[in-house]
Every structure is written in C-alpha cells, then in structure tokens.
Amino acid sequence: MCPPAISSAAGLLALLDEGSDDLKRHALINIDRVVHDYWYQISGSIASVEALYEDDEFSHRELAALVASKVFYHLGELDDALSYALGAGSLFNVEEESEYIQTLVCKCKPERRTNCTDLSCSRTRSRYADAPRTSCRRSAMP
C-alpha cells in the first residue's frame, strides 16, 4: 500500500516546533522526502531547521543539516547549501545521481575539496578531478 500523497509541507513543518525529538526526527525524515517539491514552503521555516542543526542536544542534527542544504540549494544559495551538506556528514550521499549532489560536488573548489574527504567522497573527488571547472553539467562529467 502506498503512503498517501501530501499536498503541502505545512503539517510536517508544524511538527518541528513540538517538544519531542522523535516527532522532530519524523518531521525531518518526511520533509527530506518532499523537499524538492515543497522547498518554497519549507524555506519559510528554514530558521526552525537551522535551529535544530545548531542545537547540540538534538541527536539528529545531520538530518536537519541535510534538509537545510537542500532548501538553500533550491534558493540558489550554494555556499550555504554546501556548508550544510558538509554538516550532514554521511547523510550527504555523494554517490547519489542527482542534480543537487552533482551541483554541490562541483561547488567544492579545489582549495575546499579537502573538506569533501569528510563526506567520504574520495572516489567522487577523483572521478570529477578532471571535469571542466567552467561547466558542471552532468554531460561534462567523465
């Protein structure tokens, strides 16, 4: 049985204000699933997502960072998107074949690529090492 489709992220966003970390985690997991469709709604609550990432007591900070990264990506704020992607640790899957991942991997400038090692993307870094620096379209990738 398929889960019901949602028509808004509003209900999930409301859960971010709940006291329970389990509810916040549930909200973030589901927001991550729909972020590419509802990023414009989620962007209005980005401060709540960022606050969860900055909360040292919140045990799912990496998930909050991943969601924030994807929202900032859609907003065209690639520096912020990359910064949060680095904060997402292993949840930022550089092996994923998506425009989001490809764009942020390309955003890793040569002087910043050492940070990408933290993402366990040494294979990705070497795979894209010879890619043209002026164009990061998928077709330009080896």
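Since the structure is predicted, the reported quantities are computational estimates derived from the model, not experimental observations. Scope of the values below: all heavy atoms of this structure, side chains included, with no hydrogens, waters or symmetry mates.
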**Q** When rounded to the nearest 0.5 angstrom, what is the spacing between CG in Asp21 and CG in Asp55?
**A**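 Nearest 0.5 Å value for the CG-CG distance: 7.5 Å.
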**Q** Do Arg61 and Asp56 come close enough that some side-chain heavy atom pair is under 4.5 Å?
**A**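 Yes, their side chains come closer than 4.5 Å.
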**Q** How are the rings of Phe92 and Tyr100 set to each other: parallel, tilted or perpendicular (split at 30° and 60°)?
**A**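 Answer is perpendicular, since the angle exceeds 60°.
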**Q** What heavy-atom pair brings Thr103 and Leu78 nearest, and what distance separates the two atoms?
**A**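 Shortest heavy-atom separation between Thr103 and Leu78 comes out as CG2-CD1, 4.0 Å.
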**Q** For His26, does its backbone N or O pair with a side-chain atom of Asn30 as donor and acceptor, under 3.5 Å?
**A**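 At least one qualifying donor-acceptor pair exists.
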**Q** How are the rings of His60 and Phe58 set relative to one another: parallel (under 30°), tilted (30 to 60°) or perpendicular (over 60°)?
**A**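 His60 and Phe58: perpendicular rings.
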**Q** Out of curiosity, Leu12 CG to Ile42 CD1, how far, rounded to the nearest 0.5 Å?
**A**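 Taking CG in Leu12 and CD1 in Ile42, the distance rounds to 8.0 Å.
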**Q** Side chain of Glu18, backbone of Leu23: donor and acceptor closer than 3.5 Å?
**A**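 Judged by distance alone, no pair lies under 3.5 Å.
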**Q** Give me the atom names and distance for the closest heavy-atom approach of Gln102 to Glu97.
**A**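 Scanning both residues completely, I find the closest heavy atoms to be NE2-OE1, 4.1 Å.
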**Q** Of all the heavy-atom pairs spanning Ser69 and Ala81, show the shortest one and how long it is.
**A**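 Taking Ser69 first and Ala81 second, the nearest heavy atoms are OG-O, 2.7 Å.
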**Q** Atom OG of Ser90 and atom CD of Glu62: how far apart are they, to the nearest 0.5 Å?
**A**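 Here the interatomic distance stands at 5.5 Å.
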**Q** How far does CD of Glu77 sit from OG of Ser83, to the nearest 0.5 angstrom?
**A**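 One gets 12.0 Å once the value is rounded to the nearest 0.5 Å.
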**Q** Starting at CG of Leu28, measure out to CG of Leu63 and round the result to the nearest 0.5 Å.
**A**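 That separation rounds to 4.5 Å.
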**Q** Nearest 0.5 Å, what's the CD1-OG distance between Ile31 and Ser48?
**A**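 These two atoms lie 9.0 Å from each other.
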**Q** Test your reading of the model: is there a side-chain donor-acceptor pair from Ser43 to the backbone of Tyr40, 3.5 Å cut-off?
**A**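 Answer holds: yes.
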**Q** Can you check whether Tyr53 reaches Val67 side chain to side chain, under 4.5 Å on heavy atoms?
**A**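 Counting from C-beta outward, Tyr53 and Val67 never come under 4.5 Å.
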